Amino acid sequence: MIERPYYLNQLISSMNNDIIKVITGVRRCGKSVLMMQYRDYLRQQRVAAEDIIYLNFEAFELSRIRTEDQLHDLLGERLVKERQQYLLIDEIQYVPGWQRVINGVRVSFTVDIVITGSNAMMLSGELATLLAGRYIQIPIYPLSFAEFLTGKGIDYDDVRRLDAAFREYEEYGGFPAVVTADNQQLKENLLSGIYNTILLKDVASRAAVRDMSVLESLTAYLADNVGQLVSVSKIVGTLNNEKVATNINTINRYLRLLEDAFLFYRVQQYDLRGRSYLRTAGKYFIVDNGLRNTAVDLRRGNNSNRLENIVYLELLRRGYSVDVGRLDDVEIDFVARNRDDVQYVQVTYQLPNNTHETDNLLKVPDNYAKTVVTQQHYEITQVAGIPIVNVVDWLLAPVRKEQ
């Protein structure tokens, strides 16, 4: 079991209050393991076993609990008034109307509530208004590169092994089960299983998708074009040219489903001069490079775009909201913002012979941090005052700083 203290500390710091903690993320990224780590922490704090109620709605014994009334009765049998208890529920979205029951539990019992879900729709719609202002969302992603190294037992400063480790991370991604698998074939089989389960269980079955060929072709197209500007009309035209009959309405619907399943993230273009979002093509990034490679049948290529995908996910892990910057005819790969900080990040597989990458950043008229991230190693550390950072060093900078 790979320790994930970043997420665990978020649960610990918000425990013992009536705020519901909602852990969201793609299937198999580690939500259930995080729940187990939180349960272990509670036991270490001498919380009695009978006061920790753990329920997994994908488990066989709970597979028939699928209505609001059934959930109400199940919890009513286990909760005790005026006693501090801990309610941990995995994949609660299988029970329609769960929000009403959980809100009732929050109001009526002294209970710390943590739930997980693999679909963004669980926190949308009319029922979700019951929980407005009463929950915090903790998004969780497949392993970061630092977590990957921990899972492999590689020290952050083991220079001899870091580049090879990054190549493995770039190819197979950060799903915990894949990282700990001990051979290439098993890794590929696990990735194929995760990919197919997401498409079939979290997208197609949930939304009654009948034509899997369109969904599969769309997913492969997005995976092959991570980091490139795409529009719905362009997708429709490409698929129709490949004899996959579809239309704009269908593609729009499927795109929303893929985002709801946390498989893809759409990034909008932001006009840095006009300070507004552009209603033009956006970029799609996939939640894990291993799934990207599975979706395109392990085809190589698009090195810079695959590198962009890794940088984008890391920015999300660090708590940034991310846009694609547009300044007149210049593109900035990532404009990353959080409450306290703004960063501009340009990503390139290798530095070109000109200063194009740094020139783009220098055109941004403010003094926020600007960085070029590359996969190659260079003796130069900056161009015109802008840091040039190898991706491994950039990914590991926060954890090295803590050492």
Side-chain angles (χ1 to χ4, degrees), residues 26 141-142 144-145 166-167 169-174 195 217-235 237-239 251 255 258-259 262-272 277-278 280-318 320-327 329-337 343-352 356-361 364 370-376 388-392 394-395:
V26 71
Y141 306 94
S144 67
F145 183 56
F166 179 78
R167 288 193 295 272
Y169 181 69
E170 191 280 330
E171 183 170 359
Y172 295 110
Y195 175 73
S217 297
L218 170 61
T219 307
Y221 175 88
L222 294 177
D224 201 28
N225 289 276
V226 292
Q228 298 185 29
L229 290 171
V230 297
S231 65
V232 174
S233 58
K234 180 179 180 181
I235 295 171
T238 300
L239 296 188
I251 294 302
L255 287 172
L258 291 170
E259 290 181 71
F262 303 108
L263 183 57
F264 285 94
Y265 298 84
R266 185 177 188 273
V267 181
Q268 293 179 269
Q269 292 187 86
Y270 183 78
D271 181 359
L272 292 167
Y277 286 99
L278 302 175
T280 53
K283 294 186 178 185
Y284 283 87
F285 293 95
I286 194 167
V287 71
D288 182 79
N289 267 34
L291 288 188
R292 180 266 170 198
N293 296 331
T294 299
V296 298
D297 295 326
L298 304 179
R299 286 200 311 274
R300 304 295 294 175
N302 293 336
N303 290 329
S304 284
N305 291 333
R306 289 187 285 112
L307 184 62
E308 271 190 55
N309 202 83
I310 288 174
V311 172
Y312 170 75
L313 264 296
E314 181 63 21
L315 287 169
L316 291 188
R317 289 188 188 94
R318 295 179 185 181
Y320 289 96
S321 62
V322 185
D323 302 312
V324 175
R326 176 65 61 180
L327 187 64
D329 60 344
V330 169
E331 180 181 294
I332 306 300
D333 289 331
F334 297 124
V335 182
R337 301 181 181 89
Q343 293 191 23
Y344 300 98
V345 182
Q346 204 75 353
V347 183
T348 180
Y349 182 73
Q350 59 187 19
L351 288 177
H356 171 76
E357 301 295 344
T358 50
D359 287 348
N360 285 0
L361 291 173
V364 179
K370 301 171 178 69
T371 308
V372 174
V373 177
T374 176
Q375 194 161 333
Q376 305 304 310
I388 309 298
V389 184
N390 173 264
V391 64
V392 169
W394 184 81
L395 291 169

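Keep in mind it's a predicted model, so treat the numbers as computed, not measured.
A donor-acceptor contact shorter than 3.5 Å is absent between the side chain of N309 and the backbone of N305. Between the side chain of D323 and the main chain of V335, no donor-acceptor pair closer than 3.5 Å is present. For S304 (side chain) and Y349 (main-chain N/O), a donor-acceptor pair under 3.5 Å exists by modelled atom type.
Not counting sequence neighbours, D288 has no partner by the side chain to side chain donor-acceptor pair (under 3.5 Å) test. Contacts of F285 classified as ring pair (Phe, Tyr, Trp, His ring centres under 6.0 Å), with partners at least two apart in sequence or in another chain: Y312, F334. For Y169, the ring pair (Phe, Tyr, Trp, His ring centres under 6.0 Å) partners are F145, F148, not counting sequence neighbours. Evaluation of the side chain to side chain donor-acceptor pair (under 3.5 Å) rule for S321 yields no partner, not counting sequence neighbours. Every residue meeting the ring pair (Phe, Tyr, Trp, His ring centres under 6.0 Å) condition with Y277, not counting sequence neighbours, appears here in chain and number order: Y270. By the side chain to side chain donor-acceptor pair (under 3.5 Å) test, Q375 pairs with no residue at all, sequence neighbours left out. Not a single side chain to side chain donor-acceptor pair (under 3.5 Å) links D271 to another residue, sequence neighbours left out. Every residue two or more places apart in sequence or in another chain that forms a side-chain contact (heavy atoms from CB on, under 4.5 Å) with E331 is listed here: L229, K283, V324, R326, D333. Contacts of T238 classified as side-chain contact (heavy atoms from CB on, under 4.5 Å), with partners at least two apart in sequence or in another chain: Y221, K234, E242. Take R318 and apply the salt bridge (Lys or Arg N to Asp or Glu O under 4.0 Å) test, not counting sequence neighbours, and it matches E314. The side-chain contact (heavy atoms from CB on, under 4.5 Å) check on T374 picks up T348, Q376, Y378, I388, with sequence neighbours excluded. In this structure, the side-chain contact (heavy atoms from CB on, under 4.5 Å) partners of T280, at least two apart in sequence or on a different chain, are Q269, L278.
The nearest pair of heavy atoms linking L313 to I286 is CD2-O, 3.3 Å. For the pair A220 and A295, the tightest heavy-atom approach, listed with the atom from each and the gap, is CB-O, 3.7 Å.
Note on ring orientation: taking the six-membered ring where Trp is involved, the planes of F264 and Y284 are perpendicular (angle over 60°, cut-offs 30° and 60°).
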